[in-house]
Trainee: 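Pasting in a structure now, in structure tokens, and then I'll have a few things to ask.
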Amino acid sequence: MRQMARVGGARRGAPDDGFVSPVTGRVVLVVEESPEILYRLSRAVPAPAEAYSYSSLDELDPARLTPGGRVVVVLGPSQAAEDVLDRVGALTRSGPGLGAILVVGQMTPQLLRHALRAGIDDAIELAHAETQLTPAVVELLYRLENELSTAGARDASARQAEGSWVTSVFSPKGGVGKSVVAVNLAAALARRSATSVVVLDLDLQFGDIGVMLRLQPVHTVSDAVSAGPLLDESLFRSFLACHERSGVHVLAAPTSPSEGDQVSADSMLHVLGLLREMFGHVVIDTPPHLSEVVLQALAVSDTVAFMVAMDVPSVKNARLGLQAFELLQLPDERLLLVLNRADSHVHLAVRDVERALERKVDLTLPSEALVPQSVNQGVPAVLEYPRSRFAGQVNQLADLVLARCRNGARVEGGIR
Ligand SMILES: Nc1ncnc2c1ncn2[C@@H]1O[C@H](COP(=O)(O)OP(=O)(O)O)[C@@H](O)[C@H]1O
Ligand SMILES: [Mg+2]
């Protein structure tokens, strides 16, 4: 077997340079006959992964292909034969954590179709290898990571034992109180449960959780995403801001909308997976639209607090939003319908909203002047005005979430 680890010279995390990588078990196996192309492809392997090079598939060390190991096989142009693709495709389908990328001299529709059908995850042309291979490997490593954590997370009882619970606050409309509820729910959960709480601000364009808690975060979701596979718990902790009075941690939204555009759904899922390991409760604030990032976040949320305000446009949008949930096939028991400013003097009653949405409201929140006041003070209303009706209802919301967390999302009925 010809094995040339660390083709690219000083490579962090390589097995024989004495450097112990904080992320272990990410392996990239490059297979190509031409030594010159093999060298080019191996140089594109991102730093924290261990790179191994082989001149043919038969030389691959089967011990490096254990499912669960986060292994990417990069096939060079000499490996573009159908039988090779079929063999590698069968390998990647044999378990979570294995993936493959094909690099070809010239892409043809037939080759692309065969590669994808065989189970190859991605294909790029050799001419673009220097610019496209590194991001393709990073993206695939993310996906494998997510595949593995999803496989691990399928056992709901195991997750319950860990005590980690993700609650998203969502509405298809802006200004209905999502961010206010996200910070207040987080503060209430921190008070009422024995575990740590983090707020993930996924309003990637115009997130305001930092402002609402008067924090000046130095780092944001963008930093966490850019750290890629290097992101481990200690680095991640340095990216979080802490609201001292509530003890709630915050991963703030990017500082500019263009940075927010760079966050992919896969990278967000990776970040969320780590937060899940580090905190007992993750509360996600969302923007008022269903981007791919938001859809994926909702799909993995244990509870979605769906916010509706007391006005006709909000109720109309909520109807459409709930239909989208049905299309996503999110189980109904994950949803909590929250009606904000339910006592507003408009010509709508709670039962009108329920009739229009064809479902019961789980919780109502009153409209109170202390809510915008507390936002201006940078302290959640549940802490600043604990005796207010608003605080009382947010505490009820936290209790509903905690009950679902304890019972594995099988709580019947709601509190009004
Ligand atoms: N129950 C409430 N009573 C009074 N004002 C509220 C209430 N809920 C939200 N608000 C105010 O409405 C505005 C929008 O809330 P926000 O949480 O930013 O909405 P979103 O995140 O959905 O865009 C804020 O100024 C907030 O203080
Ligand atoms: Mg908001």
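All heavy atoms count here, side chains included; hydrogens, waters and symmetry mates do not. Start at 1 and go down the list; that is how both ligands and their atoms are numbered.
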Trainee: Under 4.0 Å, heavy atoms only, figure out whether ligand 1 is touched by the backbone of Val176, its side chain, both or neither.
Mentor: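 Within the 4.0 Å criterion, Val176 contacts ligand 1 through backbone and side-chain atoms alike.
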
Trainee: Applying side-chain hydrogen bond (donor to acceptor under 3.5 Å, both in side chains) to Glu384 and Ser374, what does each step give before you reach the verdict?
Mentor: CA-CA 7 Å; Glu384 193 70 359; Ser374 66; over 6 Å; no

Trainee: Donor-acceptor pair, distance only, cut-off 3.5 Å: does the side chain of Glu259 make one with the backbone of Pro254?
Mentor: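 Looks like no, no N/O pair under 3.5 Å.
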
Trainee: Between Arg237 and Glu233, is there a salt bridge with N-O shorter than 4.0 Å?
Mentor: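 Between Arg237 and Glu233 there is a salt bridge, with a charged N closer than 4.0 Å to a carboxylate O.
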
Trainee: Determine whether any protein heavy atom is located less than 4.0 Å from atom 9 (C) of ligand 1.
Mentor: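 Given the 4.0 Å limit, the answer for atom 9 (C) of ligand 1 is yes, a protein heavy atom qualifies.
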
Trainee: Run Leu335 and Arg359 through side-chain contact (heavy atoms from CB on, under 4.5 Å) and show every step you take.
Mentor: CA-CA 11 Å; Leu335 218 62; Arg359 66 169 289 142; 3.5 Å; yes

Trainee: Is Val180 close to ligand 1, meaning an N/O of one under 3.5 Å from an N/O of the other?
Mentor: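 Yes, Val180 has an N/O under 3.5 Å of an N/O on ligand 1.
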
Trainee: Using heavy-atom distances only, which candidate in Val371, Asp343, Val394 approaches atom 7 (C) of ligand 1 most closely?
Mentor: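 Of the listed residues, Val371 has the closest heavy atom.
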
Trainee: Taking the non-hydrogen atoms of Asn340, is any one of them nearer than 4.0 angstrom to ligand 1?
Mentor: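 Yes.
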
Trainee: State if Met307 counts as touching ligand 1 under the rule of any non-hydrogen atom under 4.0 Å.
Mentor: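 No.
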
Trainee: Could you see which bit of Ser171 sits under 4.0 Å from ligand 1, with heavy atoms only: side chain, backbone, both or neither?
Mentor: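 Neither part.
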
Trainee: Using heavy atoms and a threshold below 4.0 Å, how should the contact between Gln373 and ligand 1 be classified: side chain, backbone, both, or neither?
Mentor: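 Answer for Gln373: neither.
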
Trainee: Write out the residue and atom name of the closest protein heavy atom to atom 12 (O) of ligand 1, then the distance separating them to 0.1 Å.
Mentor: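 Heavy-atom neighbour on the protein nearest atom 12 (O) of ligand 1: Arg341 NH1, 3.8 Å.
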
Trainee: If you measure from the Lys or Arg side-chain nitrogens to the Asp or Glu carboxylate oxygens, is any gap between Asp203 and Lys178 under 4.0 Å?
Mentor: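 Salt bridge absent between Asp203 and Lys178.
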
Trainee: Around atom 25 (O) of ligand 1, find the nearest protein heavy atom and jot down its residue, atom name and distance.
Mentor: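 Ranking protein heavy atoms by distance from atom 25 (O) of ligand 1, first comes Pro372 CB, 4.6 Å.
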
Trainee: Please indicate, with yes or no, if any protein heavy atom is found under 4.0 Å from atom 4 (C) of ligand 1?
Mentor: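 Flag for atom 4 (C) of ligand 1 set to true, protein heavy atom closer than 4.0 Å.
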
Trainee: Answer yes or no as to whether an N/O/S atom of Ser179 is found below 2.8 Å from the Mg ion (ligand 2).
Mentor: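 So Ser179 counts as coordinating the Mg ion (ligand 2), yes.
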
Trainee: Where is the nearest protein heavy atom to atom 13 (C) of ligand 1: which residue, which atom, and how far?
Mentor: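 Nearest neighbour among protein heavy atoms for atom 13 (C) of ligand 1, to 0.1 Å: Gly175 O, 4.6 Å.
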
Trainee: State whether Asp302 and Arg404 are salt-bridged, where the test is any N-O pair (Lys NZ or Arg NE/NH1/NH2 against Asp/Glu carboxylate O) under 4.0 Å.
Mentor: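 No, no charged N to carboxylate O under 4.0 Å.
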
Trainee: Do side-chain atoms of Thr134 reach the backbone of Ala44 as a donor and acceptor pair under 3.5 angstrom?
Mentor: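 Here the side-chain-to-backbone pair exists.
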
Trainee: Taking N or O atoms only and a 3.5 Å limit, does Glu368 qualify as a polar contact for ligand 1?
Mentor: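 Yes: some nitrogen or oxygen of Glu368 is under 3.5 Å from one in ligand 1.
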
Trainee: Would you find a donor on one side and an acceptor on the other, under 3.5 Å apart, between the side chain of Ser42 and the backbone of Tyr39?
Mentor: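 Judged by distance alone, no pair lies under 3.5 Å.
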
Trainee: Would you give the length of the straight line joining atom CD of Glu82 to atom CD of Gln110, rounded to the nearest 0.5 angstrom?
Mentor: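 Going from CD on Glu82 over to CD on Gln110, the span is 9.5 Å.
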
Trainee: Hey, is atom 20 (P) of ligand 1 under 4.0 Å from any protein heavy atom?
Mentor: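 For atom 20 (P) of ligand 1 the answer is yes, since some protein heavy atom falls inside 4.0 Å.
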
Trainee: For Ser179, counting its heavy atoms only, list the atoms of ligand 1 lying under 4.0 Å from any of them.
Mentor: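 With Ser179 as reference, the close atoms of ligand 1 come out as 17 (O), 21 (O).
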
Trainee: To the nearest 0.5 angstrom, please state how far the CG atom of Asp261 sits from the OG atom of Ser256.
Mentor: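 Nearest 0.5 Å value for the CG-OG distance: 8.5 Å.
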
Trainee: Distance-only, no hydrogens or angles: does the Asp208 side chain make a donor-acceptor pair with backbone N or O of Val211 under 3.5 Å?
Mentor: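 The answer is no, because no donor-acceptor pair under 3.5 Å joins these two groups.
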
Trainee: Show me which atoms of ligand 1 lie under 4.0 Å from any heavy atom of Met212.
Mentor: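 By the 4.0 Å cutoff, the relevant atoms are 17 (O), 18 (O).
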
Trainee: I'd like to check which ligand 1 atoms, numbered from 1 as shown, lie under 4.0 Å from a non-hydrogen atom of Phe390.
Mentor: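 Under 4.0 Å from Phe390, ligand 1 has these atoms: 1 (N).
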
Trainee: For ligand 1, is any non-hydrogen atom under 4.0 Å from Lys178's backbone (N, CA, C, O), its side chain (CB onward), both, or neither?
Mentor: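 Looking at Lys178 and ligand 1, atoms from backbone and side chain both fall under 4.0 Å.
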
Trainee: Has Asn184 got a side-chain atom pairing as donor or acceptor with Val382's backbone, closer than 3.5 angstrom?
Mentor: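 Checked: pair present.
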
Trainee: For atom 2 (C) of ligand 1, which of the options Gly177, Ala309, Pro287, Pro366 provides the nearest non-hydrogen atom?
Mentor: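 When every heavy atom of Gly177, Ala309, Pro287, Pro366 is considered, Pro366 comes closest to atom 2 (C) of ligand 1.
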
Trainee: Less than 4.0 Å is my threshold; does some heavy atom of Pro288 fall inside it relative to ligand 1?
Mentor: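 It does not; every heavy atom stays at 4.0 Å or beyond.
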
Trainee: To the nearest 0.5 Å, what is the distance between OG on Ser246 and CG on Leu189?
Mentor: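 Between Ser246 OG and Leu189 CG, I get 11.0 Å after rounding to 0.5 Å.
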
